[in-house]
Amino acid sequence: MTTASPVSADTASVPISTDPGGGVMGDRFRALTLGIVSVVLVIAFEATAVNTAMPVAAGELDGFGLYAFAFSGYFTTTLFALVVSGQWCDRSGPLRPLFTGIAVFGAGLLVAGAAPGMWIFVGGRALQGLGGGLVIVALYVVVGRAYPERLRPSVFAAFSAAWVLPSIVGPLVSGAVTQHIGWRWVFLAVPVLILLPLAVMGPALRRSMGVPPAAGRGKEQPLLKGAAFDRRRTGLAAMAAVGAGLLQYAGQRLDLPGLLPAAVGVALLLPAVLGLLPAGTLRAGRGLPTVILLRGVAAGAFFAAEAFIPLMMRTERGLSPTLAGLTLTSGGLSWALGSWIQGRPGAERYRTPMIRGGFVLTAVAIAGAALVLVPAVPAWVAAVAWGVGGIGMGLAVASISVLMMKLSTPEDAGANSASLQVSDALGNVLLMGLAGALFGALGGGSVAAVHDGAAGAGSTGAFAVIFGVMAGVALLGALVSGRVRKAA
């Protein structure tokens with residue numbers, strides 16, 4: 001539930017709606033809500049389907065050494081796209097980056113589905129990340145501009161609810177296609193779903209954002225005439241993406257020559273992160289900096305663990321692709337439940353406890369999923385554990401988004417929305433890269449014949465360490481969560 005970077009221009013140029021009447025599905029907002037939720041629906045289906053197909057794809061492409069790279073490569077390019085999208089939204093509104101991102105996302109799926117080798121496959125995933133980064137910032141800017149503050153928790157809950165159907169159908173469809181037709185069609189078929197938001201919801205989105213029909217396609221009116229892209233921020237985003245990529249490459253090598261790209265990666269990444277995130281983020285400064293930081297901690301810990309669950313269920317428990325993917329279904333369903341809970345009337349006073357409790361539940365879920373490494377523990381325990389984690393993430397992530405909006409002025413809403421997504425992508429890149437390095441160093445990369453259902457040898461310890469580290473990161477988030485409150 002993937003997921004922006006700093007925006008240089010003034011986002012207050014388009015007034016934020018203050019109409020007190022109606023809900024997110026009322027006459028005023030129905031078209032807009034259906035439009036943006038349909039976009040999230042496509043991304044959610046892709047994510048659940050890809051998680052199911054990935055172990056088989058890596059097996060057939062002989063790419064277990066790059067397994068984590070196939071996930072982190074997505075978020076690496078997202079880092080750059082988030083910054084570009086944020087500034088693009090401020091310059092000419094969110095619709096152009098939104099539709100461009102959808103098209104690029106679909107192109108990445110086609111590249112991955114036709115890939116002859118693992119590196120090309122990773123390249124396709126990176127192209128998907130470029131499109132996804134453009135899309136997610138545009139969606140957040142739409143929410144900040146079009147909805148009054150009282151409705152935003154419900155909008156974020158709708159985002160989570162959009163994952164429910166894909167969480168149920170995605171693993172079943174992807175598993176069946178992977179087993180009977182081939183994993184490539186999981187990627188090649190998803191772009192068809194992109195036609196829905198492009199062809200059906202496009203006009204509704206334009207009307208909701210105040211673009212007159214006479215403007216025509218591609219004629220969205222500029223919000224800030226003469227506004228230019230911030231070259232400094234764009235350069236920082238490029239530095240962050242290149243630095244993260246070099247660190248991942250060094251983590252895959254794990255040898256002496258790999259020290260050079262690792263050093264260059266750190267030298268590029270650290271100043272870029274300091275420039276892209278609000279001051280005090282890395283030291284968990286009170287208020288907004290901690291809110292931004294916790295988004296990356298939550299996303300990184302949860303999704304780094306989730307990426308390895310289907311592979312673990314295939315190699316350690318011998319499950320089919322369908323059953324291995326269905327292990328994650330409970331997380332998608334319960335995430336929507338947690339997000340719904342935080343959006344209920346009266347929940348605002350418990351915002352900080354919900355964030356802390358969400359992190360604790362996430363840590364418990366990650367540790368619980370690792371229990372299936374013990375042969376005596378039934379495989380369904382992982383699904384139950386991931387259901388607990390989904391509730392935790394629904395509580396924490398949606399509450400973090402609401403707090404970010406609450407702590408932002410209209411002038412800073414776009415920039416802070418972007419920073420929230422940068423933190424999300426950065427947390428995924430770094431912790432996914434760490435998980436991949438641990439997996440390779442502990443012998444997980446040598447796991448064999450996953451696509452034939454054979455159990456892997458020597459990978460149990462690698463999985464245990466990855467889940468242990470990610471559970472610890474989630475607990476660290478719980479300890480820091482009290483700092484989301486501003487100092488008295």
Side-chain angles (χ1 to χ4, degrees), residues 1-5 7 31-50 73-114 123-146 155-156 158-163 165-166 170 186-209 211 215-220 414 417-418 421 424-425:
M1 295 184 185
T2 135
T3 91
S5 91
V7 182
L32 178 60
T33 301
L34 291 175
I36 60 179
V37 168
S38 70
V39 175
V40 177
L41 188 69
V42 171
I43 295 175
F45 184 84
E46 180 273 342
T48 55
V50 167
Y74 178 101
F75 295 105
T76 300
T77 53
T78 297
L79 277 172
F80 177 73
L82 292 172
V83 174
V84 173
S85 182
Q87 298 184 64
W88 195 355
C89 286
D90 273 351
R91 181 176 172 81
S92 59
L95 299 189
R96 289 179 181 175
L98 176 62
F99 292 123
T100 301
I102 292 173
V104 173
F105 185 81
L109 284 166
L110 296 177
V111 171
R125 293 285 292 160
L127 193 58
Q128 284 181 249
L130 202 61
L134 293 174
V135 168
I136 193 64
V137 179
L139 290 180
Y140 269 72
V141 172
V142 168
V143 173
R145 289 176 178 166
V155 178
F156 291 124
F159 281 8
S160 296
W163 284 75
L165 182 61
V186 173
F187 292 87
L188 297 175
V190 171
V192 176
L193 300 178
I194 295 174
L195 298 177
L196 175 64
L198 282 177
V200 179
M201 297 300 180
L205 281 166
R206 287 181 174 278
R207 288 193 300 270
S208 298
M209 294 304 295
V211 180
R217 186 174 180 180
K219 300 292 186 180
E220 186 180 352
S417 296
Q421 299 304 324
D424 186 303

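- Here the straight-line distance linking atom CG of L130 with atom CG of L79 works out to 11.5 Å at 0.5 Å rounding.
- Between A112 and Q128, the closest heavy-atom pair is CB-OE1, 4.3 Å.
- Residue pairs meeting the salt bridge (charged side-chain N to carboxylate O under 4.0 Å, His left out) criterion with at least one member in residues 34-44, sequence neighbours excluded, do not occur.
- A donor-acceptor contact shorter than 3.5 Å links the side chain of T78 to the backbone of G129.
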Candidate pair V50 and R125, rule side chain to side chain contact (heavy atoms under 4.5 Å, CB included), full reasoning: CA-CA 10 Å; V50 167; R125 293 285 292 160; 3.8 Å; yes
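- For the atom pair F99 CZ and L134 CG, the distance stands at 13.0 Å (nearest 0.5 Å).
- Among all heavy-atom pairs drawn from A138 and S85, the shortest one is N-OG, 4.0 Å.
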Steps toward side chain to side chain contact (heavy atoms under 4.5 Å, CB included) verdict (W88, V137): CA-CA 10 Å; W88 195 355; V137 179; over 6 Å; no
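- Minimum interatomic distance between V135 and L98 (heavy atoms only, all atoms of both residues): CG2-O, 3.7 Å.
- In this structure, L188 and L109 have side chains that are not in contact, with every pair of non-hydrogen atoms separated by 4.5 Å or more.
- Using a 4.5 Å heavy-atom threshold, the side chains of V104 and L127 count as touching.
- Although no hydrogens or angles enter the test, the distance criterion places a donor-acceptor pair under 3.5 Å between the side chain of T77 and the main chain of Y74.
- Rounding to the nearest 0.5 Å gives a distance of 11.0 Å between CZ of F105 and CD1 of I136.
- T100 places a side-chain N or O within donor-acceptor distance of the main-chain N or O of R96, the cut-off being under 3.5 Å.
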